[in-house]
Every structure is written in C-alpha cells, then in structure tokens.
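Scroll down for the structure; my scribbles are underneath it.
These numbers were taken from a predicted model, which means no experiment stands behind them.
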Amino acid sequence: MANTTRIKDLSAVTSVADTDVLPVDGANGTKGVTFGNLSTAVLNKLTSKTYGLDQGTKSLPAAINELYTNAARNNAGGHNSIFRGKNLGTSYTSAMSKAIQSGTFDDLFVGDYLTINGTVYRVAGFNLGKQIGDNTSMGNSMCLVPDSALYNAQMHNTDSGQYTEGAAANTTTGAYANSDMRTANLAQATQKIVSDFGSSHVMSYRDILPNATADGQASGWAWYDCKVELMSETMVYGTKVWANSGYEVGCINSQFPLFALAPEYIHRRFNYWLRGVRSATSFCFVDASGFASNLGASGSFGVRPFFFVN
C-alpha cells in the first residue's frame, strides 16, 4: 500500500491507488476504509477528523453512507438537513417503515425516491407534522411528494372552459376544504397512493383547513381528517404569495425540506394546483414556467399531492 495514512491526515496524501486502505483508529484496533480512485482534490478536503467507522474494510459508497448516518445523528432534524437523492427501489419495505416508526430514519434522506407502479415518489422531509392534531398527536413520519402530477383536475368542476379570473363559472366559495378538488377529485390520488404504499402505512391525521371565504380570501377554518392533500404555498415556497389570509397556513406550516434544499423540485415544467384561495374566482398554483401564479377554479391543472407514511 503505497500511500497508507490515517484519515485525520488525508491532507498529506498526494495520490491513491485502487487497492489503498486507509486505517482508522478504533476501540477494537485499526479499522480500514478502501477509497479507491479518489482524486487528490477530494482527499484533501477530508481533513482534521477521525471518523469512527464500523470494524472492517469499507468501499467508498459504504463509507460515505456511514458518514452520512453519523453526521445526521439518526433523528429527523439531521435527516432533514441532507439532500441525497438515492434510488430506494420499487417498493416500500418493512425496513423503511421500522426506521421511520423508530424515529432514526436509517438510510433515508431528503430527495431519496421510490418508483412504484410508474410514479416517482420523492422524500420531502421527516416529522413535518409530528405533534399536530386536535384530538391525537401525529407520530414519526416520512413525507412524500410525487415528481410529476398524477393527473389533471379542476378545483371546482364546471363545463364552461372559462379559466380566466372573473369568469362566471369560477368560484372559490367554501375554500379548499369544500372544493370539488378535496371532496371528489383527490379520490383517485388517494386510491393510488394507498395501493402503492399499503393502507396500514399511509397515515391519517388531523389538520386545520380553510373552509370559508369572504371578500376574495379564506375567512374561516376547522379541523378535518386528512390523508392525501394538496400542498399550500407555505409548504412549497416557505411563505404565502397570492393566498393572503392566515387561515391558509394550518398546522403543517413550514417549507418542506425538499424544496428548501433543492428548489428545482418546486419547478417541474407542468402546472399544478395549490390549496390557497387567491380571490373569489381563483386558486393558487405553480406555473410550468416556474413562477407563483393563480387562475380560475375551473382550470384543469396537475394534481401533485403530499402524504405521510410510517
């Protein structure tokens, strides 16, 4: 091994071969990490720290995965702060469920994704709704959002085809909670998500939703049983934009870590509805070109909901 050194001294390494093993001090003796074809530039960044890796020689992917885990400290806060983007496979597994329910979130990070029955579901964050609810507290959870719209639908069902603000067919009366979207048009999404993840894993919870309007904005709210819902502007952007009432915010009232760490996942080159009331005739949505917008409630736009699993 031409360039064997301690991890805490990697800044001294000038080259490395595929077979080089970098030993690490440990309670049970010397431990090793095989780093293979790391460039000198990368090695020079790994300085001033001795990492406590499991006994034995590790490949670079395994070593980096362990460093991720150690850095995240196996809690929601740590895992919400790292965007990884790993392909988690084609099914939701019992190991994932166990890691979520225990609150350690082992090998799960923001941006990781599952592809199930043709839909890419991406991890948006952990414990985003923990401790909410009027009659029971929501426990440990993982929030997911599909990369693409599941289908297109209207916020309020009409046949007029008049999508512009002010058209007679458009209305936001009853706000999100009483919209055709929530009372009927989300049923298809709920059915697919429950089928893809299992009814025992898709979490039901209680949240406070806007349910009345006055003067073109939400004017009331109440507690509702929730499972698969449209996102609010706050969840996507981290603030209200067109939805100009505090009744729009509810209990899940912060930006999803996915959108904070990787804003490109807000912008997917398709229009999709958000739950906020803009006026007496229009709801909020994310425009395909990337800007925050609003349009008449009879418009048929993408349904991109969020949900929690455990």
Side-chain angles (χ1 to χ4, degrees), residues 76 79-80 88 91-105 108 110 112-114 116-117 119-146 149-151 153 155 174-212 218 220-232 234-236 247-258 272-276 303-310:
H79 286 250
N80 279 334
L88 298 176
S91 64
Y92 183 65
T93 67
S94 59
M96 295 175 193
S97 177
K98 181 179 179 180
I100 294 165
Q101 293 183 32
S102 69
T104 62
F105 308 105
L108 297 168
V110 173
D112 291 354
Y113 63 95
L114 289 153
I116 304 177
N117 295 322
T119 299
V120 176
Y121 297 100
R122 196 166 298 272
V123 177
F126 303 94
N127 283 357
L128 304 184
K130 190 171 184 178
Q131 306 290 10
I132 72 166
D134 60 334
N135 56 21
T136 184
S137 292
M138 190 176 181
N140 294 322
S141 64
M142 180 169 74
C143 179
L144 295 129
V145 176
L150 299 182
Y151 49 88
M155 291 297 292
Y176 170 66
N178 296 303
S179 66
D180 290 329
M181 174 65 77
R182 188 173 191 275
T183 59
N185 297 345
L186 278 172
Q188 181 181 340
T190 302
Q191 182 179 17
K192 173 175 172 52
I193 287 165
V194 169
S195 176
D196 286 348
F197 286 85
S199 59
S200 63
H201 294 298
V202 180
M203 300 177 71
S204 296
Y205 61 97
R206 297 276 289 175
D207 198 1
I208 193 166
L209 302 177
N211 66 352
W221 57 11
W223 288 99
Y224 289 86
D225 295 324
C226 300
K227 182 174 285 186
V228 175
E229 302 288 348
L230 289 192
M231 294 180 283
S232 68
T234 300
M235 296 172 194
V236 175
Y247 291 104
E248 299 284 7
V249 180
C251 292
I252 305 169
N253 46 28
S254 60
Q255 186 179 28
F256 288 173
L258 172 64
Y272 62 94
W273 283 117
L274 301 177
R275 66 170 67 164
V303 175
R304 190 190 186 193
F306 75 99
F307 58 99
F308 297 102
V309 295
N310 65 7

Looking only at heavy atoms, the pair that brings L114 and M96 closest together is CD2-CE, 3.8 Å
So do C226 and R182 actually touch side chain to side chain, heavy atoms under 4.5 Å? yes
query: Ignoring hydrogens and geometry, is there a side-chain-to-backbone donor-acceptor pair from W273 to A153 under 3.5 Å?
result: yes
When every non-hydrogen atom of A189 is compared with those of V303, the smallest separation belongs to CB-CG1, 4.5 Å
Rounded to the nearest 0.5 angstrom, the CD1-CD1 distance for I208 and I132 is 10.5 Å
Q) Is the centre of the Y121 ring less than 6.0 Å from the centre of the F197 ring? A) yes
If you define the side chain from C-beta out and look only at heavy atoms, does anything of S204 sit under 4.5 Å from D225?
no
Under a plain distance cut-off of 3.5 Å, with no hydrogens placed, do T119 and K192 share a side-chain donor-acceptor pair?
yes
The ring pair (Phe, Tyr, Trp, His ring centres under 6.0 Å) partners of Y224 (sequence neighbours excluded) come to none
Scanning both residues in full, the closest heavy-atom pair of P210 with A175 reads O-CB, 3.5 Å
| message | Given 3.5 Å as the limit, does a donor-acceptor pair link the side chain of Y92 with the main chain of N310, or not? | response | yes
Here the gap from T104 atom OG1 to K98 atom NZ, rounded to the nearest 0.5 Å, amounts to 9.0 Å
Set out, in order, the CA-CA distance, both residues' side-chain angles and the distance that settles side chain to side chain contact (heavy atoms under 4.5 Å, CB included) for V194 and V228, then state yes or no. CA-CA 9 Å; V194 169; V228 175; 5.6 Å; no
Rounded to the nearest 0.5 angstrom, the CG-CG distance for N140 and N127 is 4.5 Å
Correct closest heavy-atom pair for P257 and A124 would be CD-O, 3.1 Å
Just by distance, do the side chain of N253 and the backbone of G250 share a donor-acceptor pair under 3.5 Å? yes
Can you check whether G174's main-chain N or O pairs, donor with acceptor, with N211's side chain at less than 3.5 Å?
no
Between the CG atom in D112 and the CE atom in M142, the distance rounded to the nearest 0.5 Å is 8.5 Å
>> Can you confirm whether V202 sits close enough to T190 that some side-chain heavy atom of one is under 4.5 Å from a side-chain heavy atom of the other?
In response: no
When every non-hydrogen atom of Y176 is compared with those of L230, the smallest separation belongs to OH-N, 3.0 Å
Requested in this report: Give a yes-or-no answer on whether the side chains of Y272 and R304 include a donor-acceptor pair shorter than 3.5 Å.
Outcome: yes
Sorted by chain and residue number, the side chain to side chain contact (heavy atoms under 4.5 Å, CB included) partners of D134 (sequence neighbours excluded) come out as R206, W223
| message | For the backbone of C251 and the side chain of D207, can you confirm whether one donor and one acceptor N or O come within less than 3.5 Å of each other? | response | yes
From the list F308, Y205, F307, side-chain contact (heavy atoms from CB on, under 4.5 Å) partner of E229 resolves to Y205
In this structure, CD of E248 is separated from CG of L209 (nearest 0.5 Å) by 10.0 Å
Review point. Is S179 close to N185 at the side-chain level, that is, under 4.5 Å between some pair of heavy atoms?
Key: no
Please report the C-alpha distance between L258 and V123 in whole Å, then the side-chain angles of each, then the deciding distance to 0.1 Å, and finally whether the side chain to side chain contact (heavy atoms under 4.5 Å, CB included) criterion is met.
CA-CA 7 Å; L258 172 64; V123 177; over 6 Å; no
From the list L144, D196, I193, side-chain contact (heavy atoms from CB on, under 4.5 Å) partner of V309 resolves to L144
OG (S94) and CD (Q101) are apart, to the nearest 0.5 Å, by 10.5 Å
Practice prompt. Report yes or no: does Q255 contribute a side-chain atom to a donor-acceptor pair with the main-chain N or O of M235 at less than 3.5 Å?
Written response: no
Practice item. Would you mind reporting whether T93 and L88 have side-chain heavy atoms less than 4.5 Å apart? Key: no
Minimal heavy-atom distance between G129 and M138, with the atoms involved, is O-CB, 3.2 Å
| query | Is the F306 ring parallel, tilted or perpendicular to the F256 ring (thresholds 30°, 60°)? | reply | perpendicular
